[in-house]
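To keep things clear, I will list the structure first and then write my remarks on it.
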Amino acid sequence: MPAAVILGGHWGDEGKGKVIDLLAGRCAYNVRYSGGSNAGHTVVNERGTFAFHQVPCGVFHPGVIPMLAAGVVLDPEALLAELAELERRGVRPERLYVSERAHLVMPYHRLLDGYLEAQRQDLRLGTTGMGIGPAYADKASRDGLRAGDMLDPDRFVQLVRRRAELANEYITAVFGGEPIDVEDLARQSAEWAVLIAPMVCDVEREIRAALSQGQVIMLEGAQGALLDIDAGSYPFVTSSSSGVAGACASLGIPVREVGPIVVALHAYMTRVGEGPFPTELEGEAGQYLLRVGNEFGTTTGRPRRCGWFDAVASRYALDVNGATSLAVTKLDVLDHLGHVRICVAYEIDGKRVSHLPSRADVLARARPVYEDLPGWKQSTQNARTWEDLPPAAQRYIRRIEELMGAPVSIVAVGPARDQTLVLRDPLEVA
Ligand code: IMP
């Protein structure tokens, strides 16, 4: 069976964690393909509430092998802390495998992330501060360190020294900042290498072999399609390829080896950080979604900006990624509203537009054209089948399906694993 991809279709935080947790039990491998510790995937199940940042979030299912592929940037310190926290809470994943090709996020990347944001002033992006941009920049400029470098500890420590000295020049000369202690970092890096080297292998080769044996593989996206470095609202994007193309490049697999593509969409929209957001609700309406949806960043704790479902932006994400089905999450957050709205077009400079402009400055001028639908004004949290949903909620889901041109396979009506309606098998491709 071709690999399944689960990705977000908005600006991240669409509830991918829940969808992955739901499906991982059917998979042999759960592979994260992009991003780093900027991600925050929340899983709520009988073991409690867990926030994942780098570890793939299907690890609750025994036998699932978690992996981090080449397109990920790995923060060794944060990864070890995350694994220790999971262990403390009694979760012992199958051995985690890390791609030799995955680049490392070092403490100087985090520092530089902060300096670069401060320098941007009113053009700041609102990054998570996890060093993601600087780490991918080093990768692209061929100055990065990779997990595979940890396999030769002496050479690794030498490389760390060289890179840290270079970073110090940047920190002191450009930003007038305090240099980092190179020897301290070299010592820490040697310790990280001892702990992480046993996890490092040629993940991509393993995955190609597993595919040829017909194993079920689930590729876990991070962030969302609208934050993709190429397809997203640049510069208000993350630094990786969060879409399906990023999954193929990261895993080193041919495009034809990708099968089910499940795109998770909030029943409304959220965004953390800066950047245009045409359907953003200000004032009490936005606060309502923030409060009821508990929309606070899993990684940074920042309140998320909230707004109505944007069918233009969502449809664009589907056009780019080609969903085989949709997972609509957090429907219950809309339960008690008198009406719900869907943005079906934008008005930009007096013209009606039905596509997502590529320029963030143009998108910032977009005014939403709404279609109003009746609310259902009752709880959906106990719904488990389609028939349990109130007719107005069914109509809302059907309208999203129509506008997206893809069938809904999953509807989430609460954070817990069982607060889920499975309308069709998401891993089956029609
Ligand atoms: P960075 O990825 O930390 O560089 O941040 C770039 C932009 O992506 C900022 O607007 C962040 O808030 C946003 N971002 C990064 N990761 C996530 C995520 O997992 N969920 C939501 N937004 C994210």
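One-based numbering, in listed order, for ligands and for the atoms of each.
For Y170, the ring-ring contact (aromatic ring centres under 6.0 Å, His included) test picks out F175, with sequence neighbours left out. Taking the side chain to side chain donor-acceptor pair (under 3.5 Å) definition, one finds that R110 meets it with D75, E77, sequence neighbours left out. By the salt bridge (Lys or Arg N to Asp or Glu O under 4.0 Å) test, R305 pairs with E280, sequence neighbours left out.
The OG atom of S241 sits 11.0 Å away from atom CD of Q223, with the distance rounded to the nearest 0.5 Å.
Annotation: cation-pi geometry satisfied between R89 and F50 (NZ/CZ under 6.0 angstrom from ring centroid, within 45° of ring axis).
R146 places no side-chain N or O within 3.5 Å of a backbone atom of A70 that could act as its donor or acceptor partner.
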For a distance cut-off of 3.5 Å, show me each N or O of ligand 1 paired with any protein N or O, plus the separation.
residue: ligand 1; atom: 2 (O); partner: N38; partner atom: ND2; Å: 2.9
residue: ligand 1; atom: 2 (O); partner: T238; partner atom: OG1; Å: 2.6
residue: ligand 1; atom: 3 (O); partner: T128; partner atom: N; Å: 2.9
residue: ligand 1; atom: 3 (O); partner: T128; partner atom: OG1; Å: 2.6
residue: ligand 1; atom: 10 (O); partner: V272; partner atom: O; Å: 3.1
residue: ligand 1; atom: 12 (O); partner: G126; partner atom: O; Å: 3.3
residue: ligand 1; atom: 12 (O); partner: V272; partner atom: O; Å: 3.0
residue: ligand 1; atom: 12 (O); partner: R302; partner atom: NH2; Å: 3.0
residue: ligand 1; atom: 16 (N); partner: Q223; partner atom: NE2; Å: 3.1
residue: ligand 1; atom: 19 (O); partner: N38; partner atom: O; Å: 3.3
residue: ligand 1; atom: 19 (O); partner: Q223; partner atom: NE2; Å: 3.4
residue: ligand 1; atom: 20 (N); partner: D13; partner atom: OD1; Å: 3.1
residue: ligand 1; atom: 20 (N); partner: D13; partner atom: OD2; Å: 3.3

